[in-house]
Amino acid sequence: MSEVVVYSADVIVPVTAPAVRNGAVAVADGRILHLGTRDWVLSVLDGHADVREVHWPGVLLPGLINAHTHLQYTRMASVGLHQYHGFDDWGQAFDAAYSVDGHRWDEAAADGARLSIAAGVTGLADVVTDLPAVSALHDHGLRGVAYWEIYGWANERWRREGLARIEAELDQVPTPPARGVSPHAPYSLDVEPLLDLPDLARRRGARLHIHLGESKLEELNPSAARDDAWRSVDAESYRALRRDGFDASATDFVDQLGVLGPDCHIAHGVYLNAHDRAVLRARMTAVALCPRSNAVIGLDEPPVAAHLREGNLIAVGTDSLASCPSLDLLADVAELHRLAQRQGYSEPDLANRLLRAATLGGAVALGMSTGPDRVGQLQVGSLADLVFVDVPADGVREAIENVVRDGAGRVAATLLGGELAASTPTWAARAGQPEGSA
Ligand SMILES: [Zn+2]
């Protein structure tokens, strides 16, 4: 019989079941064997020849899911440390830093993978623009989807060489993780690539991901009546529609082209109105909220309170270090908590729902919430991706509040498939474990 390690903690948050005070998970062969109170788990294992216990005086969570990032920009942190006055202002700084020679996208993406693991992130939606960066998740044993990003294609050139070229590039994305296709945004591609890419992805069983409602260009006049005249226009692009004076919602536009669905999730969702959010719910399309990135770029706040009230599927992303000060997902969770309260969300379930967004919500967004390799939850049979957080855990409610409001920088250890992938001296001292890092 293989070794069983029992990880006990003051509070365990399985996400797909109620939190457990004085709980434990038993791990064998990289998966969860039992989960419950510590006493019960130990009693079930009574008589097993090879059981070892590791006790953590804090909170144990499933590995966090960063539902929107670009790991290859990890060494462009100088861009993300400034404050910008909107998308164009930020875009100029980004383009200037991106276009210098000598980028080592592979090394930058590897740095990003290590920073993610240290922050408790075990699954990611990693949007990749340059092939040298494409193996970061694969190389570090991370879960998630490597999304190949497609940007800046005009119809005519797309018709000549687009599909064949994207197919060939996608073949170079190593698996696991899963492969995905990311048409960049409604305004950065003409109609034909936006029409073809979802079909290409779905033929191959790949996931879809698009930036939507991130640019003010996508904002509609809130007092204008909805007008569907644009639907019968044979436009070459979203930009052309808006230039010609049509008040087309970017969400309706990509929906008409067949981009949305339960196999697609969007990044940002800032400039969405109530109608757009209803479209996303109808398509079962999740949104990865990235509030710190929005703030750095100088955009408006994501309407997190409205997403919560209306029941949209939400996940959390950091975006990249080119627009965010860190890859610490719990810092975005804390920011969403602050924004939701400020936007008037006063239900007592706020912390629970945001922690769910950063775990199970991300797994739903990436299509990884069910099946044998499901993540974002602690369940018997699921992968033992575990995160230990160093916050006071005197009770279940307090523990979850503490993780959500004050968990940034407090991840003490991360396990991937039952193997220690990163840990701090605090973990070594308090759990009686050796230090380690990815
Ligand atoms: Zn992005």
Side-chain angles (χ1 to χ4, degrees), residues 86-88 91 127 147-167 180-203 206-287 299-300 302-303 306-307 310 312:
F87 211 76
D88 292 341
V127 182
Y147 289 92
W148 182 239
E149 186 170 52
I150 296 108
Y151 181 94
W153 285 81
N155 292 324
E156 207 255 333
R157 186 173 145 244
W158 177 259
R159 235 170 281 146
R160 271 187 285 118
E161 53 182 298
L163 278 177
R165 178 150 145 204
I166 301 305
E167 293 267 14
V181 174
S182 180
H184 171 257
Y187 55 82
S188 62
L189 289 161
D190 276 3
V191 159
E192 292 189 27
L194 281 171
L195 199 55
D196 286 344
L197 286 166
D199 292 352
L200 179 155
R202 286 166 180 145
R203 270 198 301 273
R207 302 287 301 181
L208 283 158
H209 184 36
I210 186 168
H211 295 81
L212 188 66
E214 185 187 16
S215 162
K216 240 183 156 54
L217 191 87
E218 298 165 70
E219 192 177 28
L220 296 183
N221 176 357
S223 56
R226 273 192 63 218
D227 178 0
D228 276 346
W230 65 271
R231 290 188 192 269
S232 50
V233 173
D234 190 18
E236 67 183 30
S237 68
Y238 183 69
R239 274 184 184 273
L241 272 179
R242 297 304 300 271
R243 186 192 58 217
D244 295 344
F246 291 97
D247 235 0
S249 136
T251 303
D252 278 338
F253 179 76
V254 296
D255 187 41
Q256 171 140 318
L257 297 176
V259 176
L260 305 180
D263 56 351
C264 173
H265 79 291
I266 70 159
H268 299 294
V270 174
Y271 299 106
L272 301 181
N273 58 29
H275 165 79
D276 298 329
R277 293 191 295 271
V279 170
L280 295 180
R281 288 195 299 281
R283 306 294 176 241
M284 299 184 79
T285 298
V287 52
L299 309 175
D300 291 307
H307 281 297
E310 297 165 9
N312 279 77

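FYI, side chains are in, hydrogens and waters are out, and symmetry mates aren't considered; it's all heavy atoms of this structure.
- Between Glu156 and Arg159, none of the side-chain N atoms (NZ, or NE/NH1/NH2) sits under 4.0 Å from a carboxylate O, so this pair counts as no salt bridge.
- The side-chain heavy atoms of Leu212 and Tyr271, taken from C-beta on, include no pair separated by under 4.5 Å.
- Ile166 contributes atom CD1, which lies 4.5 Å from atom CD1 of Ile150 (distance to the nearest 0.5 angstrom).
- Rounding to the nearest 0.5 angstrom, the gap separating the OG1 atom in Thr251 from the CG atom in Asn273 is 7.5 Å.
- The minimum heavy-atom distance linking His209 with Ile266 is given by the pair CE1-C, 3.7 Å.
- For the ring-ring contact (aromatic ring centres under 6.0 Å, His included) with His184, the lone residue among Tyr151, Trp148, Trp153, Tyr238 that qualifies is Tyr151.
- Evaluation of the side chain to side chain donor-acceptor pair (under 3.5 Å) rule for Glu236 yields no partner, not counting sequence neighbours.
- Contact detail for Pro183 and Leu197: the closest heavy-atom pair is CB-CD1, 3.9 Å.
- Across all non-hydrogen atoms, the minimal contact from Ile210 to Cys264 is CG2-SG, 4.5 Å.
- Side-chain contact between Asp252 and His275 is present, with at least one heavy-atom pair separated by less than 4.5 Å.
- Under the 4.5 Å side-chain criterion, counting only non-hydrogen atoms from C-beta, Phe253 is in contact with Leu194.
- Arg277 contributes no side-chain N or O that, together with a main-chain N or O of Asn312, makes up a donor-acceptor pair within less than 3.5 Å.
- At most 12 non-hydrogen atoms from other residues, nucleotides or ligands lie less than 6.0 angstrom from CG of Asp88.
- To the nearest 0.5 Å, atoms CG (Leu272) and CG (Leu280) are separated by 6.0 Å.
- Between Arg226 and Asp228 a salt bridge is recorded (basic side-chain N to carboxylate O distance below 4.0 Å).
- Residues Val181 and Arg207 form no side-chain contact, since every pair of their non-hydrogen atoms from C-beta on lies 4.5 Å or further apart.
- Glu219 places no side-chain N or O within 3.5 Å of a backbone atom of Ser215 that could act as its donor or acceptor partner.
- Cation-pi check for Arg160 over Trp158 is not met; the charged atom does not lie both under 6.0 angstrom from the ring centroid and within 45 degrees of its normal.
- To the nearest 0.5 Å, atoms NE2 (His307) and CZ (Arg281) are separated by 9.5 Å.
- When all heavy atoms of Ser237 and Asp190 are compared, the closest pair comes out as CB-OD1, 3.4 Å.
- How far CG of Leu241 is from CZ of Arg231: 11.0 Å, rounded to the nearest 0.5 Å.
- Formation of a donor-acceptor pair under 3.5 Å by the Arg242 side chain with backbone atoms of Leu217 is found in this model.
- Nearest heavy-atom pair, Ser182 versus Tyr147, reported as atom, atom and distance to 0.1 Å: CB-CB, 3.9 Å.
- Distance check, rounded to the nearest 0.5 Å: CG of Asp255 to OG of Ser249 gives 8.5 Å.
- Closest approach of Val259 and Leu208 over heavy atoms only: O-CD1, 3.9 Å.
- A parallel orientation is assigned to the rings of His211 and His268, their planes being inclined by less than 30° (bins at 30° and 60°).
- Ring geometry for Phe87 versus Tyr187: interplanar angle over 60°, hence perpendicular rather than tilted (30 to 60°).
- Side-chain contact between Pro262 and Arg283 is absent, with no heavy atoms from C-beta onward closer than 4.5 Å.
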(request) Report the C-alpha distance between Val270 and Lys216 in whole Å, list the side-chain angles of each, state the deciding distance to 0.1 Å, and finish with yes or no for side-chain contact (heavy atoms from CB on, under 4.5 Å). (result) CA-CA 9 Å; Val270 174; Lys216 240 183 156 54; over 6 Å; no
